[in-house]
Colleague: 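Just dropping this structure here.
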Amino acid sequence: MLLIRCPYCEMDRPEVEFRYAGEAHLKRPDPGAATDAEWTDFLYFRANPKGAHAERWRHAAGCGRFLNCLRDTASDRILATYRIGEPRPTAGQRGGGHANG
Amino acid sequence: MKFSFVSLAREGLTGHLGWTPQWRSPDPKPAYDVVIVGGGGHGLATAYYLAEEYGVANVAVLEKGWLGGGNTGRNTTIVRSNYLWEASEAIYAHSHRLWTTLAEALNYNVMFSPRGVLQLAHNRHEAAALKRQVHANRLAGVEGEWVNPAQAKAVCPILNTDPGIRYPVVGGALQRTGGTARHDAVAWGFARAASGRGVDIVQNCEVTGVRRDASGAVIGVETTRGAIATKTVGVVVAGHSSVVAAMAGFRLPIESFPLQALVSEPLKPVMPCVAMSNAIHAYMSQSDKGELVIGAGTDAYTSYSQTGGLHIASATLEAICELFPIASRLKMMRNWAGIVDTTPDRSPIIGKTPVPGLFVNCGWGTGGFKATPGSGHLFAHQLATGEPHPIAAPFALDRFRSGALVNEATAAAVAH
């Protein structure tokens with residue numbers, strides 16, 4: 001089980017308090033201008049890297065808020081957690097003062 | 001060496017000293033007509049059917065570890081074909097037909113055992129969904145029937161049908177022709193048969209790059225054992241499809257999740273069928289060694305770690321102990337995870353990619369084992385002819401652009 005630091009509660013909490021919510025930083029295309037390819041990419045295609053992966057979680061059984069998490073998918077080690085709206089930290093760095101692990 | 005009554009008798013009388021390796025282990029040649037990346041069941045089956053049915057034997061299967069060491073050796077070996085949609089019924093029924101004669105075709109005992117697969121319903125909504133599935137299957141000529149709790153108990157005597165349990169059994173969909181097969185034997189049987197027909201199986205050979213010419217077409221792969229030239233590459237790397245796609249410069253609609261399984265200590269025969277509950281993520285069968293083989297649902301997050309959280313396995317075991325009370329005293333011997341490539345519609349992706357000459361067979365999610373022979377057979381057609389087999393055509397990558405999804409995610413429930 002992962003131990004995830006909630007950047008709002010500022011506590012390390014067990015994974016079962018959270019809900020996974022997929023890849024982070026996806027940008028919804030402009031509905032008026034997007035091509036089929038852009039919609040396809042947004043709706044279905046994912047980076048799915050073996051390595052640092054920016055992803056959303058929701059602290060469902062805690063503060064209820066969405067947060068972002070940078071996790072190494074090869075080792076499941078969490079590199080950083082950070083608040084929604086903050087930029088993705090560089091892999092290996094501790095992000096936003098909310099580092100974990 | 002062919003397996004026969006005579007060869008078994010001769011070796012039995014002479015100390016089993018005459019057996020030879022089941023497949024060759026050649027060094028990779030500088031070039032092949034077709035390179036298959038991934039030496040699991042699907043990749044080896046592809047190579048076998050390429051050589052056997054399409055006459056393409058100048059083929060290499062490149063495996064980064066050992067044969068069947070990935071998901072082929074990590075799954076719970078269930079075979080069934082009762083999916084909801086016509087495209088799925090066609091592809092899984094195709095595979096099911098090949099299972100029934102596979103041991104003879106390969107001259108290798110894959111221990112296919114059609115002992116019956118029972119999918120449990122725990123409430124009226126699930127019952128309605130599974131009845132719909134049964135009716136759809138029968139219309140398509142796929143065998144299946146609805147059973148009430150007493151009939152389910154007759155099929156699976158250790159099933160707890162007490163209506164007072166937390167998730168009571170209100171009925172189930174039974175496919176009597178479904179069952180299990182021996183996963184290692186499937187990989188080894190295909191490897192032996194492919195090797196015997198001229199296919200080079202190269203283990204400990206990881207693909208590290210994909211070479212493309214100025215037009216973008218494939219001209220070869222780079223591996224830990226040197227570069228190999230080819231104009232046709234088949235990527236069959238369950239659990240790493242996105243990684244190999246990234247080497248070739250494109251993305252896939254795939255996320256990779258850990259899927260856990262466990263086996264118990266061996267018992268005398270107690271479970272004559274496969275039973276599965278989609279709602280509470282638990283399924284169980286008994287191997288020929290006597291171990292109860294238990295499958296869980298996927299972990300919540302994408303990962304390549306081949307391990308998962310204990311709380312997932314615990315939740316599955318709680319469900320197993322309620323459905324099968326005799327399991328409560330069992331010791332679990334091993335717990336592991338495989339990495340499953342899931343697609344948004346929970347159906348596989350077979351066919352062309354944006355890279356000319358590079359084809360994928362991936363996205364089988366949590367249920368690829370049952371498809372092993374059919375998947376290989378259809379993908380061999382794609383690699384040999386450059387065009388999809390009619391049964392595989394609905395599973396093209398382009399469906400995510402066109403919207404013609406084969407949505408088994410909500411239709412056939414979670415556990416595949």
Side-chain angles (χ1 to χ4, degrees), chain A residues 1-5 12-27 29 34-62 66-81 91 100-101, chain B residues 64 206 208 237-247 250-258 260 297-315 337 339-347 349 353-354 362-363 396-405 407 409:
Chain A
M1 186 182 299
L2 304 178
L3 194 60
I4 301 171
R5 183 169 185 82
D12 296 335
R13 305 300 298 171
E15 177 194 333
V16 287
E17 288 190 11
F18 297 81
R19 294 290 178 275
Y20 185 70
E23 186 176 342
H25 306 301
L26 297 178
K27 286 197 173 54
T35 63
D36 281 1
E38 286 166 340
W39 273 120
T40 308
D41 200 55
F42 169 73
L43 289 172
Y44 299 125
F45 284 62
R46 295 292 178 264
N48 197 28
K50 186 175 187 176
H53 182 236
E55 61 199 17
R56 298 187 308 160
W57 289 80
R58 193 170 80 85
H59 196 181
F66 279 93
L67 59 123
N68 286 332
C69 173
L70 194 65
R71 184 173 53 88
D72 183 340
T73 60
S75 65
D76 289 337
R77 183 182 173 85
I78 291 177
L79 307 171
T81 57
N100 184 16
Chain B
K64 74 173 177 181
E206 182 174 358
T208 55
V237 289
H240 276 79
S241 302
S242 298
V243 175
V244 177
M247 290 177 193
F250 66 95
R251 306 209 308 167
L252 287 168
I254 278 180
E255 292 185 293
S256 303
F257 293 91
Q260 295 186 55
T298 57
D299 278 69
Y301 48 82
T302 63
S303 177
Y304 291 87
S305 63
Q306 291 188 325
T307 184
L310 188 60
H311 60 293
I312 300 289
S314 301
I339 301 303
V340 297
D341 287 345
T342 57
T343 58
D345 61 359
R346 299 298 188 267
S347 288
I349 302 168
T353 69
C362 63
L397 179 59
D398 187 60
R399 73 178 186 271
F400 296 98
R401 186 197 57 77
S402 70
L405 303 181
N407 191 1

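Naming convention: chains lettered A, B, ... in sequence-line order (proteins, then strands); numbering from 1 in each chain.
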Colleague: Quick one: what part of B:A246 sits under 4.5 Å from any heavy atom of chain A, side chain, backbone, both or neither?
Modeller: neither
Colleague: At a heavy-atom separation under 4.5 Å, does B:I254 approach chain A through its side chain, its backbone, both, or neither?
Modeller: both
Colleague: Parallel under 30°, tilted from 30 to 60°, perpendicular over 60°: which one fits the rings of A:W57 and A:Y20?
Modeller: perpendicular
Colleague: Taking salt bridge (Lys or Arg N to Asp or Glu O under 4.0 Å) as the definition, give me every residue that meets it alongside A:D41, ordered by chain and number, with sequence neighbours left out.
Modeller: B:R251
Colleague: Salt bridge check, A:K50 against A:D72: does any charged N sit closer than 4.0 Å to a carboxylate O?
Modeller: no
Colleague: Could you label the plane-to-plane angle of the A:F18 and A:H59 rings as parallel, tilted or perpendicular, counting under 30° as parallel and over 60° as perpendicular?
Modeller: parallel
Colleague: Just checking heavy atoms, which of residues 303-312 of chain B are less than 4.5 Å from chain A?
Modeller: B:S303, B:Y304, B:S305, B:T307, B:G309, B:L310, B:H311
Colleague: So what's closer than 4.5 Å to chain B heavy atoms on A:R71: side chain, backbone, both or neither?
Modeller: side chain
Colleague: Which atoms of A:A21 are under 4.5 Å from chain B, going by heavy atoms: the side chain, the backbone, both sets, or neither?
Modeller: neither
Colleague: Give, as side chain, backbone, both or neither, the part of A:L43 having an atom under 4.5 angstrom from any heavy atom of chain B.
Modeller: neither
Colleague: On a heavy-atom basis, which atom in A:L3 and which in A:P14 lie closest, and how many Å separate them?
Modeller: CD1-N, 4.0 Å
Colleague: Taking NZ, NE, NH1 and NH2 as the nitrogens, is one of them in A:R5 or A:D12 under 4.0 Å from a carboxylate oxygen of the other?
Modeller: yes
